[in-house]
There are 2 protein chains.
Amino acid sequence: METARSSERQRTAAERRRRELLEAADRVVLRDGPQASMNAIAAEAGITKPILYRHFGDKGGLYRALAKRHTDALLSALRAALDAPAERRARVESTLDTYLAAIEARPQVYRFLMHPADGAADTADASPTAEQGFDVGRHSAPLLRRLGEELGQVIVERVDLGPDSEQMARIWGHGIVGMMHAAGDWWLADRPCSRERLVSSLADLLWGRLAEAGDRDVKGGPGF
Amino acid sequence: METARSSERQRTAAERRRRELLEAADRVVLRDGPQASMNAIAAEAGITKPILYRHFGDKGGLYRALAKRHTDALLSALRAALDAPAERRARVESTLDTYLAAIEARPQVYRFLMHPADGAADTADASPTAEQGFDVGRHSAPLLRRLGEELGQVIVERVDLGPDSEQMARIWGHGIVGMMHAAGDWWLADRPCSRERLVSSLADLLWGRLAEAGDRDVKGGPGF
DNA sequence: GACTGTTGTTACCGCGAGTAACACATGGTT
DNA sequence: AACCATGTGTTACTCGCGGTAACAACAGTC
């Protein structure tokens, strides 16, 4: 074998192929939602199933690869907003807005990333005769986790919490990401308000307005 | 038909049957995770598939019924903590703790409720020839949504926000629930800290400590 | 005893994930 | 030239699962 040249050519060719396949898969997922079948994806790419499986192993592999692309893109956009040289509140609002704008612009992609099929099987994996029947592989967790860890990092780097700040920053990172995600998910379903309003309300929440607000008169009077 | 007596007897019998089936399904889901098959559930209940389908229509129906039971139980526990006659911070902490204790105590149930298979297909439903191939039906969304709405209600009832408080309360409800959920999910994976610490950190976050904390010295000096 | 409805069964369909086995090209080795 | 190694592509299958049709058995009613 002549090794170098040709094998390299082939490798890059394979990578290009892989990208093409991913783009085809992207189109199908965008059209059919997360339950897009391997047959459909293969058809869209103009080839047949086994090729997909040679490239990605199984459906989970394809979906992971697909998710990684979008996740990376989203993450870099968020990082930019988060690392901007501005007041903290402005940074927070701009990050929230970036996220919401992203999911608003491409809800199909969002749904694919966040609400895919699951197939967890934590400890149940160890069951006999059950090593091959399972498929997809979590994506929603990875994305949310990555976001949470990332945000935790930023917090621990830029915000001065007391002792044990590392741990608290991670907690907050995941908590804030979850807040953003859940509120975004709810908001996306039937936009009950403008994006600006949602952003500023969430920022208000993070800014402690829940603690500051007074009690409302409850029927039963002040004795309650 | 003799109507009254016997039909009523049959209805209650059917209901008892239904409960038995749900309990069997519960056991299987607890053992096999969310991807438990209808065959397995039927076997566990000591009967065969068609009976399951007669009772629940399809897999989504069964899972919905199953989810409803757990959801209702969790919700009532949370409501109790949330409606207790205590300071707001204490109520918030106790609610968070209730939730976390619940998911800690029965992680399998939690995983079933929160990370089930999905099969969304929003607008794609309208595709031809695709009215029968789809199955499960979202659960995670319903639970989170219910929690969020519920919390929003409580906030609007008990906290005095400014004008337009209704909308902000709903936003906050969903946001806080999402925070709790994401932090809990992350925490559950590999308990990085005690439950108390998690609870108090999240409460701190809601109490505006993020806004109060000072900037940390960033390399590049104060000019940044 | 014939009629009706419920409870249960077996045996099947359709579909999607994943695989085995075979066919064709290409380019280096002898 | 013939040879074979490797990557690309196909067809045609297995297997498991959701879901259903068709039939069997057994109440209680008229």
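Chain naming here is simple, since letters A, B, ... match the order of the sequence lines and numbering starts at 1 in each. Everything numeric here is computed off the predicted structure, so don't read it as measured data.
- Looking at the side chain of B:Pro50, the nearest of the listed nucleotides C:dA20, C:dG16, C:dT9 is C:dT9.
- Proximity note for B:Ile51 (side chain, C-beta onward) versus C:dG8, D:dG18, C:dA21: the nearest is C:dG8.
- Using a 4.0 Å cut-off, some side-chain N or O of B:Thr48 falls inside it from OP1 or OP2 of C:dT9.
- A salt bridge links A:Glu20 with A:Arg17: at least one charged nitrogen is closer than 4.0 Å to a carboxylate oxygen.
- Side chains of B:Leu188 and B:Met114 form no contact here, defined as non-hydrogen atoms less than 4.5 Å apart.
- Rounded to whole Å, the distance from CZ on A:Arg18 to P on D:dG9 is 15 Å.
- No hydrogens or angles were tested; on distance alone, nothing pairs the side chain of A:Arg54 with the base of C:dG18 as donor and acceptor under 3.5 Å.
- Separating the CG atom in B:Leu52 from the CZ atom in B:Arg18 is a distance of 11.0 Å, to the nearest 0.5 Å.
- Residue A:Tyr53 places its side chain closer to C:dA17 than to any other of C:dT10, C:dA17, D:dG19.
- A:His55 has its NE2 atom 15 Å from the C1' atom of D:dT10, to the nearest Å.
- For an aromatic pair to be called close, the ring centres must be under 6.0 Å apart, and A:Tyr63 with A:Phe56 fails this.
- Put simply, NZ on B:Lys49 is 13 Å from P on D:dA21, counting in whole angstrom units.
- Between the CG atom of B:Leu52 and the C1' atom of D:dC17 there is a distance of 14 Å, rounded to whole Å.
- Distance, B:Phe56 CZ to D:dG19 P: 13 Å, rounded to whole Å.
- For D:dG9, one of the phosphate oxygens OP1 or OP2 lies less than 4.0 angstrom from a side-chain nitrogen or oxygen of A:Arg17.
- Following rounding to the nearest Å, B:Asn39 (CG) and D:dT20 (C1') show an atom-to-atom distance of 13 Å.
- Note that the CG atom of B:Leu202 and the CH2 atom of B:Trp187 stand 10.5 Å from one another [nearest 0.5 Å].
- Taking atom NZ on A:Lys59 and atom C1' on C:dC15, their separation rounds to 12 Å, with Å as the unit.
- At whole-Å resolution of the value, CG in A:Leu21 and C1' in D:dG7 are 14 Å apart.
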